[in-house]
Amino acid sequence: MAETQRHPFLHGLSKHRGAPPTVVVIFGASGDLTARKLIPAVYNLGFDNLLPADFYLVGYGRKPIPDDEFRALASDAIKEFSRRELNADVWSRLARRTSYVAGGYDEKPAFDKLAAHIDELERQIGRDVQRLFYISTPPSVFTPILLNLGASGLAAKHLGLPHHSKVIIEKPFGKDLASARALNETIRSVFEEHQVYRIDHYLGKETVQDLLVQRFANAIFEPLWNRNFIDSVQITVAEEVGVEKRGGYYEQSGCLRDMIQNHTMQLVALTAMEPPVSLDAESIRDEKVKLLKAIQPLALGPGGDVARAQYAAGMMGGKAAKGYLEEEGIAPQSATETFAAIRLSINNWRWQGVPFYLRSGKRMARRVSEIAINFKCPPGTLFAGSGRFDIAANTLSFQIQPDEGLSLILNTKVPGLDTRTQPVKMNFRYATTFGSNTPEAYERLVLDAMIGDGTLFIRGDEALASWQLYTPVLESWAAAGREGMDAYAAGSWGPATGDALLAKNGHVWRQP
Ligand code: BG6
């Protein structure tokens, strides 16, 4: 089996300790993601002794920054954003191995300079290191970076040997089917698929990984996991934050591209896919692609399978909150959606007739991501009528965040001398059982890319299958402009059109 294709669940941490000598090069080193997520992730891996002894971090960006200044920026980022405080020993070990190279993204000589910098590191330690390139820039420069990694020989370095070059590509992976296809082609002109790690940070979340364990390691769930027992599935990815200072990006994106096409669809795929034949990366990704391909094209227009809306002024946590159109950097007549709801039909043996409802939005009532599996009601013969019996459908819900855990709604007899029933909730909480210092998604993902495990990354065909589904929706919305755009008050659970998607089948959104 390839170096890497085994899933860490099989092996535990000992496998992680085997990460080969590595240099991680971050393109976009002075960007927000680098400070908030990537530097803290590397630092915490260092804290946990999960970095190889020969580990180097190189920041790359257009802005000239002296090495010392880059190290100072990195330590500030750790102080501000790391889940652990800065530990002087851990940081000084890492700081000694941190440097910065300035250069344009479309300048081949700058990539030659980067190659020479890495060669020099190798010369100093007297051995080869694998090169892990992390593209964390705006998407407009993905292509020049990839092409220059090819032209400078960096992409092919050691290819075929266990410690070859690899590339991590941040989202967004294209903006529609055609652009994602073009990006895949550029990548493949330079890298082989096994060198490529397309990020969806939701896959790095503990609870998302736990979905496979819950489904396939517990004998009680899988026999019920189908259209005979499940009535509907609801996936909510709600955020309290608004568009913040990201208006420029968000206006080009919108909720469907930013959250649904990638993060939410990963939750759908892991919830609904067939059991993989093994836990290796390709088996899992094959099943996800099969599932995505079984989803029916979405009905567009009034009464169809999609709804979109923008947040209007409202109240968040007792304070007045602006509407989307009043936010900084947003066009006064913007047709960008901040909320989307989708009704999916999966046309396969397991799921035919079971609607999957998805919704995601900014400025919603509460930050919560959950997957709720609503089971069918029991036959109403025994507990019916008379008002004494409050019977709810059983619901199994995976709390992806916050309050990570799992809960199950069961019907129970209320204590007392007569027979009354009431639904109760059985809860499992990660923090209570395992403590609360869970690794961040990016820690897992950077480590997995280092050791070469692609399980928690998106394969090229997987990205295309999801774009295939949503590109017609994006095209129809672009053609309609603001027509059909609903509104919801900031701080609410979304617009009426989102509710109407469910009402058609007699369903309502669950209050998470
Ligand atoms: C990012 C989106 O991918 O995910 C953001 O671009 C969003 O708009 C973020 O806020 C949500 O991630 P998380 O981990 O906070 O749920």
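Numbering of ligands and ligand atoms starts at 1, following listing order.
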For ligand 1, which atoms sit closer than 4.0 Å to a heavy atom of [X]?
| X | value |
| --- | --- |
| Lys362 | 5 (C), 7 (C), 8 (O), 10 (O) |
| Lys171 | 1 (C), 2 (C), 3 (O), 6 (O) |
| Lys205 | 13 (P), 14 (O), 16 (O) |
| Gln401 | 13 (P), 16 (O) |

Any donor-acceptor pair under 3.5 Å linking the side-chain atoms of [Y] with those of [X]?
| X | Y | result |
| --- | --- | --- |
| Gln130 | Thr22 | yes |
| Ser334 | Thr336 | yes |
| Glu170 | Ser136 | no |
| Lys175 | Gln252 | no |

| request: Classify the ring geometry between Tyr197 and Phe457 as parallel (under 30°), tilted (30 to 60°) or perpendicular (over 60°). | output: perpendicular
| task | Would you mind checking if Glu462 and Arg198 are paired as a salt bridge, meaning a charged N to carboxylate O distance below 4.0 Å? | result | no
| said: Heavy atoms only: which of Asp258, Leu33, Ile199, Asp200 lies closest to atom 2 (C) of ligand 1? | reply: Asp258
| remark: Judged by heavy atoms only, the candidate from Glu170, Arg367, Glu239, Arg246 nearest atom 5 (C) of ligand 1 is Arg246
| remark: atom 12 (O) of ligand 1: closest protein heavy atom, distance to 0.1 Å, is His201 NE2, 3.2 Å
| said: Starting from atom 16 (O) of ligand 1, what is the nearest protein heavy atom, named by residue and atom, and what distance separates them? | reply: Tyr202 OH, 2.4 Å
| request: Pick one of side chain, backbone, both or neither for how Tyr250 approaches ligand 1, counting any non-hydrogen atom pair under 4.0 Å. | output: neither
| message | Determine whether Glu185 and Arg188 satisfy the following criterion, salt bridge (Lys or Arg N to Asp or Glu O under 4.0 Å), listing intermediate values before the conclusion. | response | CA-CA 5 Å; Glu185 275 163 28; Arg188 285 186 193 132; over 6 Å; no
